[in-house]
Amino acid sequence: MCAVPDADPTGAGLPPAGAHPAHARPAPRPGGPRPADPGTGSARSARLRDLLGHAAGPDRLRDLLGRAAARPDRLLAIGFTAAYLRTAGPPLLHAALNPSPPLTRRAVGGGIRAMIPLQAALAARAGSPSTGLALMGLVPLARSLARKVSPT
């Protein structure tokens with residue numbers, strides 16, 4: 001039974017699936033290859049190459065850090081992001097490699113403690129480095145409280 005009143009249960013009144021514009025493919029261009037579909041691997045790699053630039057190595061890293069050094073809030077955001085990865089990464093990696101209850105408990109605690117550097121990085125990235133620095137000032141307090149009371 002159809003939920004829509006007066007609907008044709010056989011579907012005979014519907015257009016074929018290929019007639020809908022979402023299903024249509026671009027026609028091949030005469031004298032040249034067909035444009036890349038955004039979902040294909042070649043188009044994705046081209047977009048990734050455009051995002052990363054052609055030099056994806058030490059030169060690219062120096063360029064990014066050079067631009068970040070011109071804006072202190074960006075440099076703080078990079079530092080706070082590194083602190084987040086350092087806080088959350090190792091316990092999560094250990095728990096992923098050996099999913100035992102104690103390591104999982106440590107990973108959850110590390111993820112909770114890593115919320116402070118994450119919020120600091122987001123604040124610095126949004127243009128408020130003073131808020132990010134104030135949040136990072138809470139890290140020692142959170143560490144000492146985590147020893148007394150479980151963060152979970």
Side-chain angles (χ1 to χ4, degrees), residues 1-5 7 9 11 14-15 17-26 33-152:
M1 182 126 213
C2 288
V4 179
L14 297 175
H20 192 274
H23 299 282
R25 295 203 179 260
R34 196 167 87 170
D37 185 20
T40 63
S42 62
R44 274 182 276 169
S45 62
R47 279 191 308 231
L48 185 62
R49 201 171 34 251
D50 289 341
L51 285 174
L52 294 177
H54 296 289
D59 294 334
R60 177 74 175 152
L61 181 62
R62 272 193 294 274
D63 182 43
L64 285 174
L65 289 176
R67 280 189 279 154
R71 294 193 51 197
D73 56 338
R74 297 293 176 150
L75 198 55
L76 277 176
I78 290 172
F80 294 157
T81 303
Y84 166 72
L85 293 173
R86 176 69 180 108
T87 305
L92 290 174
L93 182 63
H94 290 155
L97 295 176
N98 182 11
S100 65
L103 290 179
T104 303
R105 192 175 311 119
R106 271 192 220 145
V108 170
I112 291 171
R113 281 189 306 276
M115 287 296 122
I116 296 173
L118 176 64
Q119 291 296 320
L122 292 173
R125 173 79 167 98
S128 180
S130 58
T131 304
L133 286 170
L135 283 168
M136 285 302 285
L138 296 175
V139 170
L141 177 66
R143 188 176 298 131
S144 66
L145 287 176
R147 289 187 188 119
K148 295 178 183 177
V149 180
S150 173
T152 59

What is the minimum heavy-atom distance between [X] and [Y], and which atoms define it?
X: Ala114; Y: Ala88; result: CB-CB, 3.5 Å
X: Ala96; Y: Pro99; result: O-CD, 4.2 Å
X: Pro91; Y: Gly110; result: CG-CA, 4.4 Å
X: Gly132; Y: Ala123; result: N-CB, 4.0 Å

Which distance, rounded to the nearest 0.5 Å, do you find between the [atom1] of [X] and the [atom2] of [Y]?
X: Tyr84; Y: Met136; atom1: OH; atom2: CE; answer: 13.0 Å
X: Thr81; Y: Arg86; atom1: OG1; atom2: CZ; answer: 15.5 Å
X: Leu76; Y: Thr131; atom1: CG; atom2: OG1; answer: 11.5 Å
X: Leu145; Y: Arg113; atom1: CG; atom2: CZ; answer: 11.5 Å
X: Leu92; Y: Leu97; atom1: CG; atom2: CG; answer: 11.0 Å

query: Does any non-hydrogen side-chain atom of Ile116 lie less than 4.5 Å from one of Phe80?
result: no

field: Those residues that, when tested against Thr104, pass side chain to side chain donor-acceptor pair (under 3.5 Å) (two or more places apart)
entry: none

